[in-house]
Amino acid sequence: KILYRINLQLIGKIIVRSDSQNSKDPVCLIIDDSDFPKTGMRIERVGRIFSHVTHASILGFKALFLCRTDGKTQTVLDLSLHGEEGRKPNKPFGMTKQQRERQYRKNRNQSEAVNERINDYTQNKIQKAIDLVKRAVKEGIRFDYLLADSWFTCTDLVRFIKSRHMKCHYLGMIKMSRTKYCFEGKLLGAKELVKRLQTSKSVRYSRRLRCYYAQAEVTLSGIRVKLFFCRRTKNGDWNGMLTTNTTLDFFGAYHIYSMRWSIEVFFKEGKNVLGLGKSQSRDFAAQIAGISVSILQYNILRTVKRFTSYETIG
């Protein structure tokens with residue numbers, strides 16, 4: 001609640017600026033997660049998670065973030081901490097019974113706000129991402145696109161965005177996996193669809209972006225979407241993007257999706273400069289508080305930069 005109260009004031013100061021009102025860039029929400037490694041096994045609810053950076057199991061939390069960007073200034077709106085239960089029933093969250101018994105515990109009243117954050121810990125991240133977007137809309141945040149990487153792109157999230165009454169769309173990377181799309185009356189996977197487009201000579205080369213690309217309108221579980229495929233070299237691997245905006249072309253999708261990189265900048269700057277996720281407190285509530293303080297610092301500094309670096313004195 002504190003994050004949203006301050007964020008709405010900061011956003012209110014930004015949207016009245018001329019460079020914001022005259023901007024042609026869409027307003028986007030970005031959903032992504034990051035690893036928060038820890039060194040203490042006695043931290044409340046800490047566990048082992050799989051890091052996609054090191055491709056190994058590490059001790060810590062998975063932090064899920066929702067951000068808003070207008071192409072110039074990014075504001076972090078919300079967060080949640082998650083654990084990964086794992087596949088071994090005798091070692092939930094990768095911790096033995098003795099390790100879990102030594103962890104910090106605290107008797108809390110049901111009315112304490114941290115209980116909601118504790119419930120988020122075991123919640124599915126896709127469902128939590130939907131909840132974060134719902135909360136943002138309820139708080140009055142309006143956006144044109146929701147951006148996410150291939151891990152989050154799924155039927156549930158696409159259907160949720162498609163069902164919103166406000167004019168918003170989903171744009172995200174897809175995995176070149178076995179997910180079936182209906183194209184010209186046939187169910188095809190992403191790789192099969194690319195081969196079909198190559199056969200029909202629908203692949204083009206862009207000198208501006210220096211890549212090969214193709215696009216196709218398909219149906220995903222009854223939802224009309226548009227797929228874009230891109231690769232850098234003639235024999236390179238194809239990457240795919242999906243959007244619910246069927247009027248969008250490849251160059252527009254490429255430009256809008258590039259705005260997602262701003263959340264990676266937040267992770268880098270937050271961890272290196274503002275101590276994001278560096279708290280070693282044993283209390284779970286203190287972990288949430290430490291991250292929230294780092295986010296508030298980041299949002300205020302980004303707003304200050306918007307007023308000092310994007311406005312001339314002439």
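Residue numbers start at 1 and run along the sequence shown. The figures here come from the full heavy-atom set of this structure, side chains too, leaving out hydrogens, waters and symmetry mates.
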Restricting to non-hydrogen atoms, name the atom on Met95 and the atom on Leu59 that form the minimum distance, rounded to 0.1 Å. SD-CD1, 4.1 Å
For Asp283 and Gln287, test the side chains for any donor-to-acceptor distance below 3.5 angstrom and give the result as yes or no. no
Would a hydrophobic clustering, with Ile, Leu, Val, Met, Phe, Trp and Tyr connected at side-chain separations under 4.5 Å, put Leu3 with Leu64? no
Of the options Lys180, Lys186, Arg178, which is the one that meets Glu192 in a salt bridge (Lys or Arg N to Asp or Glu O under 4.0 Å)? Lys180
Salt-bridge criterion met for Glu184 and Arg196 (N-O under 4.0 Å): yes
Verdict with reasoning, Asp144 to Cys168, per side-chain contact (heavy atoms from CB on, under 4.5 Å): CA-CA 4 Å; Asp144 301 305; Cys168 61; over 6 Å; no
Quick test of your reading of the model: are Asp237 and Arg231 salt-bridged, counting only N-O distances below 4.0 Å? no
Calculate, to the nearest 0.5 Å, the distance between atoms CD1 and CG belonging to Ile30 and Leu66 respectively. 9.0 Å
Ring-face cation contact, Phe250 with Arg204, 6.0 Å cut, 45° max: no
Between Leu209 and Arg232, the two heavy atoms sitting closest are O-NH1, 2.6 Å
Is a side-chain donor or acceptor of Thr179 paired with a backbone partner of Lys175 at a separation under 3.5 angstrom? no
Between Tyr254 and Phe228, does the ring-ring contact (aromatic ring centres under 6.0 Å, His included) criterion hold? Intermediate values first, please. CA-CA 9 Å; Tyr254 193 99; Phe228 302 100; over 10 Å; no
Donor-acceptor contact below 3.5 Å, side chain Thr153 vs main chain Asp149: yes
Exercise: do Lys125 and Ser80 side chains pair donor with acceptor under 3.5 Å: no
Give the intermediate values and the outcome of side-chain contact (heavy atoms from CB on, under 4.5 Å) for residues Glu84 and Phe93. CA-CA 6 Å; Glu84 295 178 353; Phe93 303 101; 5.6 Å; no
Using the rule that Ile, Leu, Val, Met, Phe, Trp and Tyr join whenever any side-chain heavy atoms are under 4.5 Å apart, tell me whether Ile43 and Val114 fall into a single cluster. yes
Examine distances only and state if a side-chain atom of Glu112 and a backbone atom of Asn109 form a donor-acceptor pair shorter than 3.5 Å. yes
Heavy atoms only: give me the nearest Val203-Gln198 pair and the separation to one decimal. CG2-CG, 3.7 Å
Do any pairs count as a side chain to side chain donor-acceptor pair (under 3.5 Å) and have a residue in residues 2-14, sequence neighbours left out, and if so which ones? Arg5-Glu139, Asn7-Asn299
Under 3.5 Å, is there a donor-acceptor pair between the Asn124 and His82 side chains? no
Ionic contact status for Glu269 with Lys305, cut-off 4.0 Å: no
Between Glu116 and Lys1, does a salt bridge (Lys or Arg N to Asp or Glu O under 4.0 Å) hold up when you go through it step by step? CA-CA 12 Å; Glu116 183 180 349; Lys1 289 180 180 178; over 6 Å; no
So how far is it from Ile291 CD1 to Phe61 CZ, rounded to the nearest 0.5 Å? 8.0 Å
Between the side chains of Arg108 and Glu44, is the shortest nitrogen-to-carboxylate-oxygen separation below 4.0 Å, so that they form an ion pair? yes
For the ring pair His52 and Phe50, is the centre-to-centre distance below 6.0 Å? yes
Looking at Arg117 and Asp78, does any basic side-chain N land under 4.0 Å from a carboxylate oxygen? yes
Correct closest heavy-atom pair for Ser51 and Ile58 would be CB-CD1, 3.9 Å
Return the CD1 to CG distance between Ile256 and Leu248, rounded to the nearest 0.5 Å. 5.0 Å
Tell me, yes or no, whether the heavy-atom count around Asn90 atom CG, taken from other residues, nucleotides or ligands under 6.0 Å, exceeds 12. yes
Can you see whether Ser281 engages Ser279 through a side-chain donor-acceptor pair at a distance of less than 3.5 angstrom? no
Nearest 0.5 angstrom please: Ile295 CD1 to Thr75 OG1, how far? 11.0 Å
Does Leu81 form a side-chain contact (heavy atoms from CB on, under 4.5 Å) with Asp120? I'd like the steps, not just the answer. CA-CA 7 Å; Leu81 285 183; Asp120 293 343; over 6 Å; no
Determine, stepwise, if the pair Met241 / Leu227 fulfils side-chain contact (heavy atoms from CB on, under 4.5 Å). CA-CA 6 Å; Met241 279 191 298; Leu227 295 182; over 6 Å; no
Under 6.0 Å between ring centres: does that hold for Tyr257 and Tyr145? no
Pair Asp25 + Lys72: basic N to acidic O under 4.0 Å: no
Count the heavy atoms of every other residue, nucleotide or ligand shown that sit under 6.0 Å from CD1 of Ile2, and state whether that count exceeds 12. no
Using the rule that two of Ile, Leu, Val, Met, Phe, Trp, Tyr join whenever any of their side-chain heavy atoms come within less than 4.5 Å, decide whether Leu8 and Met166 are in one cluster. yes
Could you tell me if Arg68 sits above the aromatic ring of Phe143, with its cationic atom closer than 6.0 Å to the ring centre and no more than 45 degrees from the axis? no
Does the side-chain hydrogen bond (donor to acceptor under 3.5 Å, both in side chains) test come out yes or no for Glu85 and Thr122, once each step is laid out? CA-CA 8 Å; Glu85 193 166 359; Thr122 55; over 6 Å; no
Does any N or O in the side chain of Arg48 come within less than 3.5 Å of the main-chain N or O of Ser57, such that one atom is a donor and the other an acceptor? yes
Same apolar cluster: Val293 and Leu276, side chain cutoff 4.5 Å: no
Transitive ILVMFWY side-chain link Phe36 to Ile49, under 4.5 Å: no
So with a 6.0 Å cut-off around CZ of Arg42, is the heavy-atom count from everything else above 12? no
Can you name the nearest heavy-atom pair linking Arg306 to Arg17, along with the distance? O-NH2, 3.4 Å
What's the verdict on side-chain hydrogen bond (donor to acceptor under 3.5 Å, both in side chains) for Thr219 and Arg224, showing C-alpha distance, side-chain angles and the deciding distance? CA-CA 5 Å; Thr219 303; Arg224 284 188 61 208; over 6 Å; no
Value rounded to 0.5 Å, distance of CE in Met176 from NZ in Lys191: 7.0 Å
Taking the six-membered ring for Trp, are Tyr213 and Phe251 closer than 6.0 Å centroid to centroid? yes
Once you round to the nearest 0.5 Å, how far does CZ of Phe152 lie from CG of Leu157? 8.5 Å
Check: Asn245/Tyr170 side-chain N/O donor and acceptor closer than 3.5 Å: no
For Val76 against Cys67, the heavy-atom pair lying closest together: CG2-SG, 3.9 Å
Under 3.5 Å, is there a donor on one side chain and an acceptor on the other for Thr243 and His169? no
Side chain Ser20, main chain Val16, donor-acceptor under 3.5 Å: no
Will you find, in the side chains of Thr246 and Glu217, an N or O donor that is under 3.5 Å from an N or O acceptor? no
Flag, side chain of Asp35 to backbone of Gly60, donor-acceptor distance under 3.5 Å: no
Flag the pair Tyr298 / Phe267 as yes when their ring centroid distance falls below 6.0 Å, and as no otherwise. no
